[in-house]
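Naming: A, B, ... by sequence-line order, numbering from 1 per chain.
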Amino acid sequence: MTSTTTNPALTAALQAAAGGDPRRYVIIGGPSSGKDDLITAIHAAGIPCMAEEPGREIYRKHRERLGRHLLREDRRDYSLEVLEAFVAEYTAHKHGIRFYNRGIPDGYGWDAFFGLRPTAELEEATRLYRYDAIFVLGPLDTFEDPDDIVWAKDREIRRVHELIVQGYYDAGYEPVFVAPDAAAARLDFICSNLRLPKPSRGA
Amino acid sequence: MTPASADTALLDLHGIVARAVDPADGASCTAALDGTLRGLLARFDDARYAPAARALFGLPPAEPGQNLTVRRELAAAAAGHEVHHFRKRVEPKLVEKVAWELLADADRFTRLAMIAPRLAPATTRQPVPADPFAWEVAEHEEQLSRLWSALYAARAELLAVERVISLEAGRVDITTTAVTAAWRWAAARAEAISYTTAFAPGGDTGPDELVALAGWTPALTAAQTSRLTEAAAGGASREQFVAALHGETGLGNAWVEGFFARPASPDSSIESIEQENGSAS
């Protein structure tokens, strides 16, 4: 991906880290959290980052194969395939900094959402493959309209998001919460937290 | 947070039970409470008092193992207050705010299966983002809407039967309305089975509990109930439903005659005695 950053300090920091030990940072957040915008901003700043979460394509594939909604009994296969993809993403990275669009412990939240206990494979992967920091994006809206009506769909999104956050606590992480803001400001906050130069400083 | 120090009222909150890997295990619920509190405190939205709230609950600037007196001193210093003033005036408000956040969180985890989705005029389009999160919940709301539309349709027809009976309509009218109610009720049951199979397997709410919300229906055997449900499944029209049950006289009679029977009431035994004695007019 072509870098659009004009911050030489950040570029230098990324280059300095590139030959060293791998540093893996996870971004999590529901659909209304601005995660896609942040991932785009990370790419634009020239920071190595996973392009698309593997769950989307695997979900489409399972849905197509089954010809219907995934039922509880279908979940195990789906979850294990997603886990395998996350592990492959993790192990493929050997040096330097890389951001991830969701991470292995997301599986805890999904399992809980569907009333399943975490698989032994997930427990094992969580123990073996550790990330260096977890960033949780808060929702950009409050999910409430002026009449204080909370849509069932939005409540469910919030519910599964909270379960995923809990999954990271269960996995022994202390997530960093990123307040609602513009993508550039959020990326600045994340970089500051990681002691990296702020991308916006060079703009 | 340790199992011994966690209040059971907190451990029973919907949000805690839902987050626990094993809701029946105290240690698992305690871990969920710990994670929930850490999450709430990490997102404490009052910038001035956030460090104080965190310290009060044992997060940095406090350290694990410090007692309340030490944590309170750290919290007061973080908020820029004298410790006694903090304890009397500020601390109760911070605790109240955390408690409110916990209750709001619990509310988000309340089971929704028995609650019809609330509707409001849509002023803007609501696109579904390309995200398994959003696909799953959008599909859930689709099914939930289908379920409740079927339940309300059944309710409407069951009410219509009672209304025509009350109006002392002719037997043909009552029978026709009762058949329509059977079709709608059976379709609702089919929808409830479909919903609970996909979204609430093994949950507290089964298809019969859901369909009971539509209203009273005549007593049927399990086989008759299944037969009705089969005839209405798959979006069958009223005509298809009636054709599928052609010749099922026993089932038809059980349903229709159930409505013609006098409703049971607390004083029905008195009425029957009076009728037997010939005193009822």
Non-hydrogen atoms of chain B under 4.5 Å away: do they reach the side chain of [X], the backbone, both or neither?
X	value
A/Ile58	neither
A/Glu162	both
A/Arg68	neither
A/Arg117	side chain

Is there a donor-acceptor contact under 3.5 Å from the side chain of [X] to the main chain of [Y]?
X	Y	result
B/Gln240	B/Ser237	yes
A/Arg186	A/Ala179	yes
A/Arg23	A/Ile97	no

Checklist line | Worked verdict on A/Tyr100 versus A/Tyr25 for ring pair (Phe, Tyr, Trp, His ring centres under 6.0 Å) | finding: CA-CA 6 Å; A/Tyr100 290 81; A/Tyr25 309 122; 9.0 Å; no

Check: By a 4.5 Å heavy-atom criterion (distance strictly below it), what part of B/Asp22 contacts chain A: side chain, backbone, both, or neither?
Finding: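 B/Asp22 touches chain A through backbone and side-chain heavy atoms alike.
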
Notebook entry, point to check: In terms of heavy-atom proximity below 4.5 Å to chain A, should B/Thr36 be classed as side chain, backbone, both, or neither?
Noted result: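 Both backbone and side chain of B/Thr36 come within 4.5 Å of chain A.
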
Check: With respect to chain B, which residue among A/Tyr168, A/Tyr108, A/Phe113, A/Trp110 yields the maximal number of heavy-atom pairs within a distance under 4.5 Å?
Finding: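 The option with the most such pairs is A/Trp110.
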
Next item on the list: Determine the interplanar angle of the A/His62 and A/Tyr78 rings, folded into 0 to 90°, and report it as parallel if under 30°, tilted if 30 to 60°, perpendicular if over 60°.
Entry: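 Rings of A/His62 and A/Tyr78: perpendicular, over 60°.
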
Notebook entry, point to check: Does CG in B/Asn67 sit with more than 12 non-hydrogen atoms of other residues, nucleotides or ligands closer than 6.0 Å?
Noted result: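 Result for CG/B/Asn67: enclosed.
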
